[in-house]
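What follows is a set of notes on a single structure, which appears directly below.
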There are 2 protein chains.
Amino acid sequence: MRYTAEQKEEARHKLLHASGRHAKAHGFAASGVDALAGAAGLTIGSLYKHFASKNDLFTALMAAEIDQTASRYASVDAQDTAAAVKALASYLSLAHVKAPERGCALPSLAVEVARAPEEVRQVFETSLLALKDSLQRLAGSEQAAWTLMAQSVGAVMLARAMATETHQRDLLQAVRVSGQDLIHASRAQ
Amino acid sequence: MRYTAEQKEEARHKLLHASGRHAKAHGFAASGVDALAGAAGLTIGSLYKHFASKNDLFTALMAAEIDQTASRYASVDAQDTAAAVKALASYLSLAHVKAPERGCALPSLAVEVARAPEEVRQVFETSLLALKDSLQRLAGSEQAAWTLMAQSVGAVMLARAMATETHQRDLLQAVRVSGQDLIHASRAQ
DNA sequence: GTCTATATTACGATAGAC
DNA sequence: GTCTATCGTAATATAGAC
């Protein structure tokens, strides 16, 4: 055959990665299928050979994105408090706010998962629980992990919606301090 | 004239309210202009007599929605700690997660503001800062206000994206406890 | 597997009658 | 001010050549 299984896998991977970037920046529903495929240098017809529907692409894309975020925090040394604080500061940075296409998918796309069919939400939930476990290693308790996740995701999303950088900084800074308190409190015990 | 200024104002108000409900449930960009107008019992042609464009409607709708949330927390007695905790519990309830059309606009629509033109974000920011001030009365400090807002909005959004009610409860409960700690800490001083 | 071309539907916005 | 009708455009998805 002209195309090997490896080449197909590679094309699928590139499709997931590139359409993920595009969706995080412009929204998934708001992105046309042609734009999603075009981001990977492909065309509509080709995309539909890899995914049965736009929703099918969304499911795979979301899982890949959240897993990527989870593995990022899984690689942080849980013993190293300074490393945990640094990872938090990176998430709650102005750079993250300004570059959604390179950042975490949750502030950009979680709301679209909420409106997606049960199947999508089921796959998403599995990935999200894995991310929570990664955070729990750094945050100490499950409660701290959920709180850290919710406030970080909320802060980045709200900061992106604001118009002026000064206020974005204020919000990020406030949540950063609260998050640090949370991390330190769990380690003081 | 056949239509008085009051009737026009009333129609505009109903349009804002009904399209707000619809947008919170299904997303603003994902909602057709006909569906937005239809939610208020009107038609497209009529909507365009009140708003110059779909984006113009979004700006007005967002401001009205956030102001509504802000006034809700402005009416809570800042002296009454139990009342503040109760308001927080109501926001972080399963009922709120299950009924986005009747709830706060932030978990549903903030991400769309982030992708909207500068003009929209500017108006949004003004309303959001007023909401922050309302929360600051209850939370004590500005830092606690931003944190409370970010984690509550994030928690509701993430809970809505999850598939099973048990995990939704876990997340809401965790953030509720953290929020209560935040409120109590600010009042212990 | 990738492409171009197309079928079909829905979108945002406008025009004109009442 | 509200309605129906309509103009362009862009959407999702499929068909068929290579």
State, without any angle test, whether Thr147(B) and Gln151(A) hold a side-chain donor-acceptor pair at a distance under 3.5 Å.
no
Is there a donor in the side chain of Thr164(A) and an acceptor in the side chain of Glu125(B), or the other way round, less than 3.5 Å apart?
yes
Taking side chain to side chain donor-acceptor pair (under 3.5 Å) as the definition, give me every residue that meets it alongside Asp67(A), ordered by chain and number, with sequence neighbours left out.
Ser127(A)
Could you state the [atom1]-[atom2] distance from [X] to [N], rounded to the nearest angstrom?
X        : N       : atom1 : atom2 : result
Lys8(A)  : dT2(C)  : NZ    : P     : 9 Å
Lys49(A) : dG16(D) : NZ    : P     : 11 Å
Asp56(B) : dG12(C) : CG    : P     : 15 Å
Tyr48(B) : dG16(C) : OH    : P     : 18 Å
Leu47(B) : dT2(D)  : CG    : P     : 10 Å
Phe58(A) : dA11(D) : CZ    : P     : 18 Å

Rounded to the nearest 0.5 Å, the CG atom of Leu57(B) sits from the NE2 atom of His50(B) at a distance of 11.0 Å
Please round to the nearest 0.5 Å and tell me the distance separating atom CG of Leu138(A) and atom CG of Asp133(A).
11.5 Å
When every nucleotide of nucleotides 5-10 of chain C is labelled 5' to 3' by its protein contacts under 4.0 Å (heavy atoms), B for base, S for sugar-phosphate only, - for none, what sequence of letters results?
------
Shortest side-chain distance from [X], nucleotide among [options]:
X        : options                  : answer
Leu42(A) : dT14(D), dT14(C), dT2(C) : dT2(C)
His50(B) : dC3(C), dT2(D), dA13(D)  : dT2(D)
Ser46(A) : dT2(C), dC3(D), dG1(C)   : dT2(C)

Output the residues of residues 9-36 of chain A in contact with DNA chain C, where contact means a heavy atom of the residue under 4.0 Å from an atom of the strand; sort by number or write none.
Ala11(A)
For dG12(C) and Lys54(B) - does any side-chain N or O of the residue sit under 4.0 Å from the phosphate oxygens OP1/OP2?
yes
Could you tell me whether the phosphate oxygens of dC3(D), OP1 or OP2, come under 4.0 Å of any side-chain nitrogen or oxygen in Thr43(B)?
yes
Counterpart residues, salt bridge (charged side-chain N to carboxylate O under 4.0 Å, His left out), relative to Glu165(B) (two or more places apart)
Lys98(B), Arg169(B)
Same hydrophobic cluster for Val123(A) and Met149(A), using side-chain heavy-atom links shorter than 4.5 Å among ILVMFWY?
no
Listed pairs under 3.5 Å, donor-acceptor, residues 28-37 of chain B side chains, sequence neighbours left out:
unit_1	atom_1	unit_2	atom_2	d
Ser31(B)	OG	His22(B)	ND1	3.2
Ser31(B)	OG	Gly27(B)	O	2.5

Partner residues of His96(B) under the ring pair (Phe, Tyr, Trp, His ring centres under 6.0 Å) criterion, sequence neighbours left out
Tyr91(B)
